[in-house]
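Index from 1, following the sequence. What you are looking at is a predicted structure, and each value in this text was computed from that prediction instead of being measured.
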Amino acid sequence: MRMIWMTVIFLFGSLAAWGQNKHTEHTLKLEPGVKGNQIVLDSLHHLTGYWKGEALGGLVEELWLPASGGQMTGLFRLVVADTLIFTEHMQLGTWDGVTQMRIKHVSPDGATWEPKEETTRFSFIRMENNTCYFSGLTIDFGTKDHLIFYLAMKKKDGSSYEESFRFRRVTL
């Protein structure tokens, strides 16, 4: 009986890992052609609120609204030396059967980085303990008042590196 359970656990683990690879120290990456999975947005309710931290050489802030209409909406901004560098409009939702975080980057003058009809997308892979894995992005929920985003970024030479964004919850 024990051997049967070990086989089932091994097969399940193998299936769960299919189509994904370690991308950076804390992020995973879906293989080309692998769509990703779905998650109930209520599982990410801890994200709701106002968060501050330091990353990318400056002050980073995020504000996440609770799920409504099948999506969570968030805003991000980076300020370095009292100068706004960029903002982001973020959406968490499910499109074509895959939960994704979709991001539109905006320069201080209001111009978007992505073409009009496009967004930067991170497809959901899995939730494990207090960690939510998207392709190229990981959210470590840590404690009630702290969270860490790990983001896989590309260098000009095509190699990847990881940036971490450490946030603490702020009460307005």
Side-chain angles (χ1 to χ4, degrees), residues 13 16-17 19-31 34 36-68 71-95 98-107 113-114 119-156 158-172:
Q20 64 193 23
N21 289 315
K22 189 170 184 173
H23 191 51
T24 62
E25 183 180 356
H26 296 98
T27 66
L28 301 174
K29 180 180 180 180
L30 289 173
E31 292 299 312
V34 177
N37 298 305
Q38 286 186 17
I39 187 171
V40 175
L41 290 182
D42 287 342
S43 302
L44 303 174
H45 73 278
H46 178 71
L47 197 54
T48 301
Y50 177 43
W51 301 88
K52 275 188 171 184
E54 293 183 14
L56 303 173
L59 170 69
V60 289
E61 298 172 280
E62 283 198 10
L63 176 65
W64 282 95
L65 299 174
S68 181
Q71 292 187 17
M72 290 180 73
T73 302
L75 296 171
F76 169 93
R77 74 176 164 193
L78 170 63
V79 175
V80 177
D82 290 327
T83 300
L84 178 64
I85 305 301
F86 70 92
T87 60
E88 295 175 346
H89 179 266
M90 303 174 290
Q91 294 173 281
L92 262 170
T94 301
W95 295 270
V98 178
T99 300
Q100 296 177 340
M101 182 181 294
R102 292 183 172 187
I103 298 174
K104 189 70 115 168
H105 296 84
V106 182
S107 295
W113 297 6
E114 296 85 359
T119 57
T120 298
R121 299 175 183 195
F122 301 92
S123 295
F124 174 72
I125 297 174
R126 70 174 188 257
M127 185 82 167
E128 188 175 282
N129 301 320
N130 283 339
T131 305
C132 185
Y133 293 94
F134 292 85
S135 186
L137 174 71
T138 300
I139 306 170
D140 180 346
F141 287 104
T143 67
K144 179 182 131 196
D145 294 321
H146 293 89
L147 60 84
I148 305 170
F149 277 70
Y150 297 101
L151 177 63
M153 299 180 71
K154 286 200 184 267
K155 295 180 182 178
K156 289 181 182 178
S159 64
S160 296
Y161 69 99
E162 181 177 284
E163 283 287 342
S164 63
F165 300 73
R166 297 177 185 280
F167 292 97
R168 70 188 180 301
R169 186 182 299 277
V170 177
T171 304
L172 294 174

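The backbone N or O of I125 lies less than 3.5 Å from a partner atom in the side chain of N37, making a donor-acceptor pair. Here the side chain of T24 pairs no donor or acceptor atom with the backbone of A152 at under 3.5 angstrom.
A side chain to side chain contact (heavy atoms under 4.5 Å, CB included) with I139 is found for one member of H46, M127, M101 and no other, namely M101. Looking at I39, V98, L92 one by one, the single match for side chain to side chain contact (heavy atoms under 4.5 Å, CB included) with F124 turns out to be I39.
The two residues I148 and S164 come nearest to each other via the heavy atoms CG2-CB, 4.3 Å. For D42 against H45, the heavy-atom pair with the smallest separation is O-ND1, 2.9 Å. Heavy atoms only, all atoms of each residue included: Q71 and L41 are closest at CA-CD1, 3.6 Å.
Taking the six-membered ring for Trp and the full ring otherwise, the centers of W51 and F165 sit at least 6.0 Å from each other.
Every residue meeting the salt bridge (charged side-chain N to carboxylate O under 4.0 Å, His left out) condition with R169, not counting sequence neighbours, appears here in chain and number order: D145. Every residue meeting the salt bridge (charged side-chain N to carboxylate O under 4.0 Å, His left out) condition with E61, not counting sequence neighbours, appears here in chain and number order: R77.
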All N/O donor-acceptor pairs, side-chain side in residues 129-138, below 3.5 Å, sequence neighbours left out:
residue, atom, partner, partner atom, Å
S135, OG, L30, N, 2.9
T138, OG1, H26, O, 2.6

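Taking the six-membered ring where the residue is Trp, F149 and F167 present perpendicular rings, their angle passing 60° and hence far from 30°.
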| request: Carefully, step by step, assess I103 and T119 under the rule side chain to side chain contact (heavy atoms under 4.5 Å, CB included). | output: CA-CA 5 Å; I103 298 174; T119 57; 5.9 Å; no

